[in-house]
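What follows is a short report on a single structure.
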Amino acid sequence: MEGIKEAEAEFGIVAKVLVCGLKQTPREQTQDIFAEVVSLAQKGLVGFDFAGNEADFPTQALEEAIKETQALGLPLTFHAGECGCVANVAHAIQLGISRIGHGTALLKDRTTMEKVVQSGTTIEMCLTSNLQTGAAPRLADFPYQALYDMGANITINTDNRTVSDTNLTKEYALFVQYFGTSKADFYRFNQNAIRASFTSEAEKEKLLKKL
Ligand SMILES: [Zn+2]
């Protein structure tokens with residue numbers, strides 16, 4: 001947390017921390033970690049995250065773990081829709097998760113896309129990661145245009161930057177190159193990101209003005 005504070009001061013950015021648990025890790029182990037770190041909520045921890053093996057550990061099977069995590073009083077983000085399994089996205093929305101990483105499988109299912117829009121869920125798209133893992137073999141396999149046309153809250157994300165050897169600049173370039181994403185679109189996606197972020201309304205307002 002001290003490193004975060006240093007970075008904020010040095011680079012003039014606002015940074016928050018999510019602690020990530022893997023879906024395949026035994027539930028008790030993850031809950032022990034989450035319960036241990038939740039005391040850092042005053043120091044920059046703003047929430048939790050679940051990533052990892054989605055095919056063998058679908059959202060429905062994690063329901064208890066998700067509810068236990070929510071009971072700690074902080075929101076969570078959730079990686080879903082990377083294994084062609086749109087049900088994992090639908091169940092995450094049902095469980096009240098407002099920020100979903102990937103959402104790639106949404107392309108297959110208009111009903112769930114409508115749920116994304118109705119619930120105001122944010123879809124954090126990670127193109128490079130999905131191309132590398134085969135979650136989307138081609139950029140045409142991304143639900144970008146469909147979600148865009150329906151007015152869904154899209155944001156541009158990296159997933160794990162070191163694993164995927166990417167950063168936001170590279171991701172932006174991909175969006176421009178393949179989807180013709182405009183400056184106005186990027187502006188809106190970043191407004192979406194601020195609104196979906198786990199911080200106070202006052203801080204969001206401040207960031208929106210700065211943006
Ligand atoms: Zn992910």
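Just so you know, ligand 1 is whichever comes first in the structure, and atom 1 is the first atom listed for that ligand.
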**OP:** Assign the ring pair Phe189 / Tyr148 to parallel, tilted or perpendicular, where the plane angle (0 to 90°) is split at 30° and 60°.
**Re:**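 If you compare the ring of Phe189 with that of Tyr148, the planes turn out perpendicular.
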
**OP:** Looking at His79, pick out the N, O or S atom nearest to the Zn ion (ligand 1) and give its name.
**Re:** ND1

Original post:
Are Leu18 and Phe34 grouped together when hydrophobic residues (ILVMFWY) are joined by side-chain heavy atoms under 4.5 angstrom apart?
Top reply: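 No, separate clusters.
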
Subject >> Heteroatom N/O/S of Glu82 within less than 2.8 Å of the Zn ion (ligand 1) >> reply: no

Original post:
Strictly under 2.8 Å, is any N, O or S atom of Cys126 next to the Zn ion (ligand 1)?
Top reply: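 No, outside the cut-off.
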
**OP:** Assess whether atom CD of Glu114 is packed by more than 12 heavy atoms of other residues, nucleotides or ligands within 6.0 Å.
**Re:** yes

Subject >> Residue Lys16 excluded, over 12 heavy atoms near NZ under 6.0 Å >> reply: yes

Subject >> Where the Zn ion (ligand 1) is the vertex, angle from Asp159 OD1 to His102 NE2 to 10° >> reply: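 The NE2/OD1 angle about the Zn ion (ligand 1) sits at 100°.
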
